[in-house]
Protein chains: 4
Amino acid sequence: MKPAATKVKARRVVAASKNTALVRDRRTQLVGAAIEVFGKKGFHATTVRDIGRVSRLTQGTIYNYVRSKEDILFLVCDRIVTEYQDSVRRALAVEGDAIARLRAALRGIVGVMHEHQDTILLLYHESHNLDRRSLRTILARVHEFIESFERLLAEANEEKRLQMTDVRLSANIVTYLPTMLALRRWALPKDLTSEQIINDTVGFMLRGLGIVDKQPTRSFPLRG
Amino acid sequence: MKPAATKVKARRVVAASKNTALVRDRRTQLVGAAIEVFGKKGFHATTVRDIGRVSRLTQGTIYNYVRSKEDILFLVCDRIVTEYQDSVRRALAVEGDAIARLRAALRGIVGVMHEHQDTILLLYHESHNLDRRSLRTILARVHEFIESFERLLAEANEEKRLQMTDVRLSANIVTYLPTMLALRRWALPKDLTSEQIINDTVGFMLRGLGIVDKQPTRSFPLRG
Amino acid sequence: MKPAATKVKARRVVAASKNTALVRDRRTQLVGAAIEVFGKKGFHATTVRDIGRVSRLTQGTIYNYVRSKEDILFLVCDRIVTEYQDSVRRALAVEGDAIARLRAALRGIVGVMHEHQDTILLLYHESHNLDRRSLRTILARVHEFIESFERLLAEANEEKRLQMTDVRLSANIVTYLPTMLALRRWALPKDLTSEQIINDTVGFMLRGLGIVDKQPTRSFPLRG
Amino acid sequence: MKPAATKVKARRVVAASKNTALVRDRRTQLVGAAIEVFGKKGFHATTVRDIGRVSRLTQGTIYNYVRSKEDILFLVCDRIVTEYQDSVRRALAVEGDAIARLRAALRGIVGVMHEHQDTILLLYHESHNLDRRSLRTILARVHEFIESFERLLAEANEEKRLQMTDVRLSANIVTYLPTMLALRRWALPKDLTSEQIINDTVGFMLRGLGIVDKQPTRSFPLRG
DNA sequence: AATGAATGAGACTTCATTCAT
DNA sequence: CATGAATGAAGTCTCATTCAT
């Protein structure tokens, strides 16, 4: 497994103000507001004024804590990835054998993706508006997180030969597929509960990894 | 399965010119150029001039065949979805029992997604810049195509009880997961050939659907 | 009285075509259509295409008979003034003593102004979009026509001392006031018939000129 | 007489800035400049840059105080009508019997029209470039002002039977005719002083209303 | 540190006019 | 003579960013 060698010199957002506590607070305000409006109107359609209106900061003030509108987008993406990572990390912190931990982790990530639908959507819609450097920083964070799954899968594979070929590819699959809950929201079956969708998606992934799902499967629903 | 009731009043792009052949030609020029530049710089960073430069049409001329920059984006999305649909349709046109056709279809869709990486990326990045009406038209097209998988899955399930729960959800999964090849391009293992990535992804999906992959699986590669 | 010394070198509209009969016909088409659309949308809001649509001439064809959009406006103003002049000339062609002729003329001009409301409005709204030269040509035509009233007033004054001071000023007044029927259309009393409005306006002018109106005046209507 | 029922929901021009004093000042600048350039080149031929140049405001700044170029035209018309109304109101504020007041008012309005020639011209030339709503607001203002004459005429008529038929029509006449001084500027006799033109026009109106002008009339000037 | 007015580059779009067919 | 596609200049308006207060 590749080590943290991929370490990218992290992009920094510089502030005019030196008061770090204040900077942190104001940026929190800013990012919260930005997530709200970016989510509604998209990055480009949103004006700095819009963000100011919602965050209750005036334009001039905003530029005390950020150097450009794109900085805000970066902070937004950063916050989203961080929250997402934290949630998943909590989900990964389960005791037990590797297989059990993997099971929990998959369930965890799907659940998180379901909860954070809106921000995930935002991330996928707008992150490519970042400049190369910023984007790379964000992607590196995501990478770390894919790698944590890569490690988990490797361990599980040690423990019990899985029907899995490449761990990195598998890690990508199990971290990517759950985003479907956000990006395909409009097409998912309306007659299933979130719980059912989550369960079935997890089941699919387990089988895909070659782990037999011992839980009784729901009977096949007749549709249409 | 929902019938054609979902039919959305399709959005139309109107042209100033009445000469349909010419309109078709010019739009082809236009869309080709737009795909190129949108792909590089994104929709918003691209100016109508940019498109004109690449398509060798002057600004004024462009507006003879399209009424707004957003019209161009719509035509771009439309073309992408159409080509994608056609490719998949070809892949679905295989003789044999339902399971065999499903196998072929999965392989087909993953292959197509791999080939059309750039445009799929473009579609996912920029389609949300469309207005509601246009977006709905595009999504309706995607929906049709998810439904064709839904039908295929239902047939396969008739033939041989699959370990599958909801066909619609499954159809979403197998049509969504392949987009990973485009959207996760940057994170996929560099040491695998495209062929391997495609095979493994298909394998994962087959297992996920409860179909045992009888092909000898590649031996597990030791990584890192 | 100033003679035709005011003669302005008349502005000419040149055509690409040499076939004078055709030129005349096409221009007639053109002007008719232009009056219609200019009247509705104004000169600037009207495109050459609009005129083409209504006149059933294509853009290219239009430019065979005219050299610019402004040429069309000139032709329009010219036609309006001409028709107006002709109508008034007919009204002036009455037998009798000067006072009788004046009476008839006043009635005539008010009537004409009432009939030609729309075009008069157009003339007053758009003529100042003409270039200096064109405008002067049009105004010269109007001038001629003011002068014809000037002559008439002078004759009437010879015949019977009027309570009139300056004939030119008076001529301006009696040729200007009737335009009120077009320009104040929106403010005129809705409960009077056109006939009444015309009569009263003529009566006002006659008294203004010091000619006693022998016709029985309508009784004073109690209002509001 | 129509009561205040005519009250039109007044069109408002909204500003980005909240500082009302500043908004007022900047708009004053803006309107002054606009009157100047619109007067010279007309509304359509004038660019926002032109207005900026004269008002010493940059384009961006202008749009802080106004939302469109048409807003500026509205403000211009509004200012013109207001000034005009104020001037006339002052002229109407004369002590004495109704006839005396009417006399003063007529003289006043003609004088004002003479003074404000340029802006009146502008008003008549460009006001129809306003959208329906704005135009109605402006016309409503003019209406009020016609009505004030209507009232005055009614009073005068009570006092001493005038040879006047419909007060509303008469009010229109006496408020319309004076605009001749602006719109017929080019045709008015050059050999009369403004004073003479004003006097004669007032005389004409008084006679038209059936009020005998007791002032000795200038002797008839021999012309041409 | 906060404010919000000012700036000006730049985008989209329209449309009169030209010209090859 | 008719057509209508092509042209490109020019205009309005937006908005990220700066800066004096």
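Sequence lines set the chain letters: A, B, ... in the order given, protein chains first and strands last, and positions in each chain run from 1. A quick note: this is a predicted structure, and the numbers were derived from the prediction, not measured.
Judged by distance alone, the side chain of D/Ser134 and the main-chain N or O of D/Leu130 form no donor-acceptor pair under 3.5 Å.
Annotation: of the two residues near DNA chain E, B/Phe43 and C/Ala45, the 5′-most nearest-nucleotide partner is B/Phe43. DNA chain E is contacted by both D/Lys18 and B/Lys69; D/Lys18 maps to the nucleotide lying nearer its 5′ end (nearest heavy atom per residue). Projected onto DNA chain F by closest heavy-atom contact, D/Arg67 and C/Arg49 fall at different nucleotides, the more 5' of which corresponds to C/Arg49.
Note on D/Asp78 versus D/Arg141: salt bridge recorded, some NZ/NE/NH1/NH2 to OD/OE distance being below 4.0 Å. For the pair B/Glu70 and B/Arg11, the salt-bridge criterion is met [side-chain N within less than 4.0 Å of a carboxylate O].
Between E/dT17, E/dT13, F/dC15, one nucleotide has an atom nearer to the side chain of A/Thr47 than all others, and that is F/dC15. Distances were taken from every side-chain heavy atom of B/Ser17 (C-beta onward) to each of E/dT17, F/dA5, E/dT13; the shortest belongs to F/dA5. Ranking F/dA2, E/dC15, E/dT17 by closeness to the C/Arg26 side chain, first place goes to F/dA2.
Side chains of C/Thr47 and C/Asp50: a donor-acceptor N/O pair is present below 3.5 angstrom, by distance only. No hydrogens or angles considered: a donor-acceptor pair under 3.5 Å links the side chains of C/His128 and D/Glu126. Between the side chains of B/Thr28 and B/Arg79, not a single donor N or O lies within less than 3.5 Å of an accepting N or O. Judged purely by distance below 3.5 Å, without hydrogens or angles, the side chains of C/Arg26 and C/Thr61 never pair a donor atom with an acceptor atom.
Note: CG (D/Leu73) to C1' (F/dT12) measures 15 Å, nearest angstrom. D/Ile51 has its CD1 atom 12 Å from the P atom of F/dG11, to the nearest Å. Straight-line distance from the CZ atom of D/Arg27 to the P atom of E/dA5: 13 Å, rounded to whole Å. A straight line from NE2 of D/His44 to C1' of E/dA16 spans 15 Å, rounded to a whole angstrom. Atom-to-atom, CG of A/Leu30 to P of E/dA2 comes out at 12 Å; the value is rounded to the nearest Å. The CG atom of A/Asp71 sits 11 Å away from the P atom of F/dT18 (whole-angstrom rounding).
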(request) With pairs defined as Watson-Crick or G-U wobble and both distances under 3.5 angstrom, please note down DNA chain F as a dot-bracket string, | for pairing with another strand. (result) .||||||||||||||||||||
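Within residues 52-64 of chain B, the residues approached by DNA chain F to less than 4.0 Å at the level of any non-hydrogen atom are B/Thr58, B/Gly60, B/Thr61, B/Asn64, in residue-number order.
A distance of 11.5 Å separates CZ in A/Arg27 from CG in A/Asp25, rounded to the nearest 0.5 Å.
Taking the six-membered ring where the residue is Trp, A/Phe43 and A/Phe38 present perpendicular rings, their angle passing 60° and hence far from 30°.
Counting any heavy atom pair closer than 4.0 Å across all strands shown, C/Asn19 reaches sugar-phosphate atoms only and no base atom.
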